[in-house]
There are 2 protein chains.
Amino acid sequence: MSSSALPYRPHNHEVCVAQALAEARSICQQHNARLTPTRERVLELIWQSHKPLGAYDVLAVLAEDGHNAAPPTVYRALDFLQQHGLVHRIASLNAFIGCTHAGERHNGMFLICHTCGNVLELTAPGVSNAVTLAAAEQSFQPDDVTIEVAGYCPRCVPEPAHDR
Amino acid sequence: MSSSALPYRPHNHEVCVAQALAEARSICQQHNARLTPTRERVLELIWQSHKPLGAYDVLAVLAEDGHNAAPPTVYRALDFLQQHGLVHRIASLNAFIGCTHAGERHNGMFLICHTCGNVLELTAPGVSNAVTLAAAEQSFQPDDVTIEVAGYCPRCVPEPAHDR
DNA sequence: TTGCTAATGTTATAATGTTGCAAATTCCGC
DNA sequence: GCGGAATTTGCAACATTATAACATTAGCAA
Ligand SMILES: [Zn+2]
Ligand SMILES: [Zn+2]
Ligand SMILES: [Zn+2]
Ligand SMILES: [Zn+2]
């Protein structure tokens, strides 16, 4: 599991999906939680790429599947997956993405490329510590930390327009 | 301007509002931007407390004012105010709050109390630096950084339930 | 079986945000 | 001041995201 900046490089994504699903099954077993067909299918769809997917995008694919689903179906599945740390919601995009650190205790930080739309989830201890410290200075007790960085990934950094 | 953790303590909030409006007028003048009555009124409403306000909350108050406004009116005003750094949007809440560092270059970090709903905006260089560094390690070029920390403010920290 | 609980289906509705165009206002050079 | 350009606002319709409420079904255990 040395796959740090994977989303930005070509790679065999089916491996990502397979690993995520296997991990999910294992985690749900540990939690005594039921990874039902709908939930598993939603997780698989969320993992269809490293770009976050909106709830209604998921819904649309379920419909193509022939699954007669309404919004609550999707939101419930997503809630379940979030609860068990299998997906994250990206607040600045109203969209969801598969967690690449499922099972590990981690505070995600998300790098979101404006251009290609891919999202990389990092665990950045330096950032977490700095946030904790800054909060402590205000006697604030953090509970849920959202860190979302939009910008340009290495493949999409705009060329510096050098003259001539 | 030594008012760091103001929102969590009782204070004369009219001073906050007055300062914010004065600052806004000054900044808009510098930017050659027009702080029209609607925009100013929206800013004033956003500043009605240190709790973020939803666009439709603003809209409702405008309606009470007798101002016959539709959603675009509010969203346009909010866009304008954001553009000039007078308000921030809190992505995790779909709500807006007055900027307490207007005019200064700053990367806001928001401490959001689950209980009282107040929000404190901080400038935390340690956090900004850590984020920049973590992004750089991935050759990622940050553009827009969202840091929102939900938790409990000093006035609302749940008592440790000591027995007896 | 029977009865309980978790999960899903179904319908409707709430909350948030946008598009497009027309009318009004403001600005600016004359 | 006057007239045309640019900005701002009004307005209607619509799009997207999320939830509430209640009926039904599936899983499981006594
Ligand atoms: Zn992949
Ligand atoms: Zn994660
Ligand atoms: Zn105040
Ligand atoms: Zn600010």
Side-chain angles (χ1 to χ4, degrees), chain A residues 24-25 27-46 51-63 65-84 86-97 117 146 148, chain B residues 24-25 28-46 51-84 86-97 117 146 148:
Chain A
R25 282 186 276 263
I27 287 173
C28 286
Q29 202 155 39
Q30 286 168 42
H31 292 196
N32 268 316
R34 294 171 48 204
L35 189 60
T36 62
T38 302
R39 290 167 174 175
E40 184 166 342
R41 179 66 176 136
V42 169
L43 181 58
E44 188 185 2
L45 291 177
I46 289 293
K51 304 184 212 293
L53 211 56
Y56 279 76
D57 298 328
V58 173
L59 189 58
V61 183
L62 286 183
D65 280 6
H67 187 311
N68 189 2
T73 301
V74 173
Y75 281 102
R76 287 194 282 229
L78 289 171
D79 282 351
F80 173 89
L81 296 170
Q82 278 183 93
Q83 221 115 68
H84 294 280
L86 300 171
V87 310
H88 294 289
R89 190 182 125 95
I90 308 290
S92 57
L93 299 176
N94 294 336
F96 300 82
I97 192 154
T146 300
E148 298 172 13
Chain B
R25 281 186 277 262
C28 286
Q29 201 156 38
Q30 286 168 43
H31 292 198
N32 266 317
R34 294 168 48 204
L35 189 61
T36 63
T38 303
R39 291 167 174 173
E40 184 166 340
R41 177 69 176 137
V42 169
L43 180 59
E44 187 185 1
L45 290 176
I46 290 294
K51 306 183 210 292
L53 210 56
Y56 279 75
D57 297 329
V58 174
L59 189 57
V61 182
L62 286 183
E64 286 175 21
D65 279 7
H67 186 311
N68 189 1
T73 300
V74 173
Y75 281 102
R76 286 194 283 230
L78 289 170
D79 284 350
F80 172 89
L81 296 170
Q82 278 182 93
Q83 222 115 64
H84 294 281
L86 300 171
V87 311
H88 294 289
R89 192 184 124 95
I90 308 290
S92 58
L93 299 177
N94 295 336
F96 301 81
I97 191 155
T146 300
E148 298 172 11

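What you see is a predicted model; the values in this text were computed from it and never measured.
Between B:Phe96 and B:Ile46 there is a side-chain heavy-atom pair separated by less than 4.5 Å. Looking only at side-chain heavy atoms (C-beta outward), A:Val87 and A:Leu43 come within less than 4.5 Å of each other. Residues A:Leu45 and A:Asp57 are not in side-chain contact: their nearest non-hydrogen atoms beyond the backbone lie 4.5 Å or more apart.
Taking a 6.0 Å sphere around CD of B:Gln82, one finds it holds more than 12 heavy atoms contributed by other residues, nucleotides or ligands.
Atoms OG1 and CD1, on A:Thr146 and B:Ile90 in that order, are 10.5 Å from each other to the nearest 0.5 Å.
The interatomic distance linking A:Leu78 (CG) with D:dT19 (P) rounds to 11 Å, in whole Å. One interatomic measurement links the two molecules: CG of B:Leu35 to P of D:dT8, which rounds to 11 Å at whole-angstrom precision. Rounding to whole angstrom units, CG of residue A:Leu53 and C1' of D:dA18 are separated by 16 Å. Across the protein-nucleic acid pair, B:Gln83 atom CD and D:dT8 atom P stand 10 Å apart, rounded to whole Å. Rounded to whole Å, the distance from CG on B:Asn32 to P on C:dC28 is 8 Å. Taking atom NE2 of A:His84 as the reference point, atom P of C:dA6 lies 12 Å away to the nearest angstrom. Rounded to an integer number of Å, the gap from CG of B:Leu59 to C1' of C:dA14 is 15 Å.
Annotation: ring-ring contact (aromatic ring centres under 6.0 Å, His included) contacts of A:His31 (sequence neighbours excluded): A:His84. The side chain to side chain donor-acceptor pair (under 3.5 Å) test applied to B:Glu44 returns B:Arg41, not counting sequence neighbours.
Using modelled atom types, no side-chain atom of A:Arg25 and backbone atom of A:Leu35 make a donor-acceptor pair closer than 3.5 Å. With hydrogens and angles disregarded, no donor-acceptor distance shorter than 3.5 Å links the side chain of B:Arg89 to the backbone of B:Ala95.
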What pairs of donor and acceptor atoms, side-chain ones from residues 73-81 of chain A against any protein atom, are under 3.5 angstrom apart with sequence neighbours left out?
unit_1	atom_1	unit_2	atom_2	d
A:Thr73	OG1	A:Ala70	O	3.4

Sequence-aligned protein contact record of nucleotides 23-30 of chain D, with B where the base is within under 4.0 Å of a protein heavy atom and S where only the sugar-phosphate is:
----S---
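Note on the helix from C:dT1-D:dA30 to C:dC30-D:dG1: angle between the axes of the first and last five pairs equals 30°, rounded to 10 degrees.
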Strictly under 3.5 Å: I want the nitrogen or oxygen pairs between protein and nucleotides 15-19 of chain C, one per line.
unit_1	atom_1	unit_2	atom_2	d
C:dG17	OP1	B:Arg89	NH1	2.2
C:dG17	OP1	B:Arg89	NH2	3.4
C:dG17	OP2	B:Tyr75	OH	3.0
C:dG17	O5'	B:Tyr75	OH	3.4
C:dG17	N7	B:Tyr56	OH	2.5
C:dG17	O6	B:Tyr56	OH	3.3

Going through the distances and angles, do A:Leu86 and A:Cys28 end up as a side chain to side chain contact (heavy atoms under 4.5 Å, CB included)?
CA-CA 10 Å; A:Leu86 300 171; A:Cys28 286; 4.2 Å; yes
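Here B:Thr36 does not reach the OP1 or OP2 of D:dT8: none of its side-chain N or O atoms lies under 4.0 Å away.
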